[in-house]
Structures are given as structure tokens and as C-alpha cells.
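Just so you know, ligand 1 is whichever comes first in the structure, and atom 1 is the first atom listed for that ligand.
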Amino acid sequence: MTRTPIIAGNWKMFKTVSEATAFVNEIKGGAEVAGVESVVCAPYTCLPALVEAVKGTSIKVGAQNMHWEENGAFTGEISGLMLQDLGVHYVIIGHSERRAYYAETDETVNKKVHAAFKYGVTPIVCVGEKLEEREAGQTKDVCKVQTEAAFAGLSAELAKQVVVAYEPIWAIGTGKSSTAADAQDVIGYIRSLIAALYDSSVADAVRIQYGGSVKPNNVTEYMGEQDIDGALVGGASLEPASYIALVQGAK
Ligand SMILES: O=C(CO)COP(=O)(O)O
């Protein structure tokens with residue numbers, strides 16, 4: 001099974017509309033590499049302009065969160081219908097910052113995954129352990145609970161389309177990245193969990209990224225591991241030259 005690698009920039013709460021469109025204009029061409037999918041996950045305010053800016057390119061646009069309901073009295077929230085309406089391809093769900101600061105739970109992650117598919121938006125589901133969980137030898141247990149919860153109730157057909165991002169929390173924004181071998185060990189385990197939930201054809205189809213201090217100078221090392229299908233990148237996705245180097249390094 002050959003899976004298309006996917007590099008997704010998670011801009012978090014960075015960039016105004018004019019900065020975002022300038023960024024896309026700078027990465028056109030350079031970040032369009034045959035055989036690598038290139039995605040920018042931007043703040044909501046940038047999404048309409050970005051969808052326009054990537055027209056005619058192979059670059060795709062993602063959001064960083066969504067609500068599971070189609071509409072309703074949920075002040076400050078954005079629904080999958082609204083993302084679909086804009087032409088957004090991907091949505092990050094269950095990022096550790098959302099779990100930590102906005103009370104996201106395994107249950108809400110699962111509801112959002114279902115809702116994303118309902119509106120034709122592909123979820124990038126984040127899982128990963130805290131430092132104290134890693135030190136207590138609980139990395140795989142934590143990933144098991146989070147992965148099984150995220151996939152609950154999904155058909156095999158939809159499960160194949162999920163992108164999982166394994167992001168050890170201690171590696172996010174710290175410059176302390178997991179070794180490629182350690183990331184492969186956990187990501188291979190996550191793939192085995194998906195095989196147990198479904199079958200090997202589903203597990204072989206699901207793309208699993210590594211995230212946490214990925215930079216142009218280490219991305220190729222991760223990509224050399226058999227189960228790692230790309231990266232979800234924060235800080236190093238914010239500068240055009242760095243983003244282009246990440247995409248080119250994923251080939
Ligand atoms: O949280 C991340 C991507 O979602 C990783 O962030 P950094 O690449 O800045 O460590």
C-alpha cells in the first residue's frame with residue numbers, strides 16, 4: 001500500500017488575512033511537490049481568502065477546529081457546514097492545546113470526527129501523551145484510548161480517510177522532538193490498533209503523521225520510517241521558505 005505523504009502546517013493563532021495570502025503566493029510552486037500533499041491549517045478569519053488564494057494550485061486549506069452541531073446557540077463556534085460552504089478540505093480535531101485549554105474530550109473529538117465527514121471535511125485527529133504519562137510508561141495506553149475513541153462508530157470506508165497525527169505533548173513547541181525510531185514505534189502501534197478495530201486494509205490506508213518540533217532538518221528522518229506518512233507542523237510552518245523545505249523534504 002502506498003500512502004501519499006501529507007505535510008500540514010498548523011498555524012495556530014498566527015497570521016492576519018494579508019499575511020496568509022502573501023504566504024500562499026510565496027509557497028506556490030515550491031510547496032507543490034508531486035506525490036506529497038500540502039495543507040495549511042489557518043485561523044478561521046483567513047480561510048475564505050486562503051481558499052481563493054490556493055485556486056489553481058495543489059495546496060489545500062484546513063481549519064483548526066469545528067463544532068459538531070450544524071448550527072445553534074453556540075457562541076463563538078464554527079460548524080462543519082460552514083467549513084464545507086467555504087471549500088475547506090481538512091480540519092484538525094482534538095489538538096492537545098484544545099484538549100488542554102478548551103476542555104476537548106475523547107467524546108467531543110469523536111462527535112467532531114463524525115460531523116466533519118458529514119460535511120465532507122477530512123479530519124486530522126491528534127493523539128499523544130503528556131510528559132508525565134510518557135515517564136510513567138503510559139504512552140501507548142494513552143494513544144490507545146484516544147485512538148479508539150476517535151474512531152468509534154466510523155464505517156471502514158470513512159475510517160480509511162482519517163488522518164491521525166501523533167503528537168507527543170512534551171515535543172510540541174519545545175524543540176524536543178521524539179526520535180524517529182520512537183515516533184515509528186508509537187505510530188506503528190497506532191496502525192496496529194486500527195487494524196484491530198477494522199482490518200489491515202483500513203490500517204494500511206490511514207495516514208499517520210508525526211508532530212512535535214518537526215523542522216526542515218529532521219523531516220526527512222521521520223519520513224524514512226515505514227509507518228510515518230507526513231508531519232503536522234507548528235512553528236516551522238509559519239515561514240514560506242521553511243514550509244517549502246518541509247514539503248520538499250517529505251518526498
Ligand atoms: O502542535 C504542533 C502541530 O499541531 C507542533 O507544533 P511545533 O511544530 O511548533 O512543535
Side-chain angles (χ1 to χ4, degrees), residues 5-15 19-20 23 27 31 36-44 46-47 50 59-66 88-102 104 109 112-113 116 121-131 133-134 139 142-143 146-147 150 162-180 182-183 186-187 190 207-223 225 228-250:
I6 173 169
I7 296 293
N10 173 11
W11 286 352
K12 309 190 180 184
M13 198 172 72
F14 289 95
K15 293 196 190 294
E19 289 167 348
F23 178 98
I27 65 163
V36 180
E37 204 174 347
S38 172
V39 184
V40 284
C41 298
Y44 291 133
C46 298
L47 295 177
L50 279 185
I59 300 156
K60 299 204 175 106
V61 175
Q64 299 173 11
N65 179 38
M66 58 174 271
V88 167
H89 267 92
Y90 285 98
V91 59
I92 297 171
I93 291 179
H95 191 279
S96 59
E97 288 151 15
R98 301 240 24 120
R99 293 179 191 254
Y101 309 142
Y102 303 98
E104 194 111 337
V109 166
K112 291 178 181 196
V113 168
V121 184
T122 301
I124 299 174
V125 181
C126 301
V127 302
E129 80 286 1
K130 301 182 184 124
L131 182 60
E133 291 166 336
R134 182 165 195 97
T139 296
V142 170
C143 291
Q146 293 179 342
T147 303
V162 172
V163 177
V164 177
Y166 166 58
E167 298 205 307
I169 295 168
W170 49 270
I172 293 177
T174 58
K176 259 192 352 189
S177 53
S178 169
T179 65
D182 279 352
V186 180
I187 287 175
I190 292 171
R207 292 180 295 171
I208 311 182
Q209 301 170 305
Y210 167 73
S213 298
V214 175
K215 309 286 175 204
N217 67 9
N218 63 16
V219 67
T220 308
E221 206 181 319
Y222 293 109
M223 298 306 300
E225 297 290 343
I228 303 183
D229 304 315
L232 182 59
V233 187
S237 75
L238 289 167
E239 290 300 325
S242 171
Y243 182 82
I244 290 171
L246 288 164
V247 176
Q248 294 188 348

For Ile93 and Cys126: C-alpha separation, side-chain torsions, deciding distance, then whether side chain to side chain contact (heavy atoms under 4.5 Å, CB included) applies. CA-CA 6 Å; Ile93 291 179; Cys126 301; over 6 Å; no
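- When each atom of ligand 1 is checked for a heavy atom of Ala171 under 4.0 Å away, the hits are 10 (O).
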Test side chain to side chain contact (heavy atoms under 4.5 Å, CB included) on Val91 and Ile124; report intermediate values, then the result. CA-CA 6 Å; Val91 59; Ile124 299 174; over 6 Å; no
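- Atom CG of Leu50 and atom NZ of Lys60 lie 15.0 Å apart (nearest 0.5 Å).
- The shell of residues lying under 4.0 angstrom from ligand 1, judged by heavy atoms, excludes Ala236.
- Contact annotation for Cys126 and ligand 1: no heavy atom of the residue comes within less than 4.0 Å of the ligand.
- The neighbour count for Lys12 NZ, taken as heavy atoms of other residues, nucleotides or ligands under 6.0 Å away, is above 12.
- No side-chain donor from either of His95 and Glu104 sits under 3.5 Å from a side-chain acceptor of the other.
- No N or O atom of Ile172 sits closer than 3.5 Å to an N or O atom of ligand 1.
- Using 4.0 Å as the threshold, Ser213 has a heavy atom nearer than that to some atom of ligand 1.
- Taking the six-membered ring where the residue is Trp, Tyr243 and Phe23 present perpendicular rings, their angle passing 60° and hence far from 30°.
- With a heavy-atom cut-off of 4.0 Å, Asn10 touches ligand 1 through its side chain alone.
- For ligand 1, the polar-atom distance check against His95 finds a nitrogen or oxygen pair separated by under 3.5 Å.
- Of the protein's non-hydrogen atoms, Glu167 OE2, 2.9 Å is the one closest to atom 3 (C) of ligand 1.
- In this structure, Ser177 contributes its side chain and Gly212 its backbone to no donor-acceptor pair below 3.5 Å.
- Distances between N or O atoms of Gly234 and those of ligand 1 include at least one value under 3.5 Å.
- The closest approach between Lys215 and ligand 1 stays at or above 4.0 Å for every heavy atom of the residue.
- Among all non-hydrogen protein atoms, the one lying nearest atom 10 (O) of ligand 1 is Gly173 N, 2.6 Å.
- Looking at atom 9 (O) of ligand 1, its nearest protein heavy atom turns out to be Gly235 N, 2.8 Å.
- Side-chain contact check for Glu97 versus Tyr102: every heavy-atom pair is 4.5 Å or farther apart.
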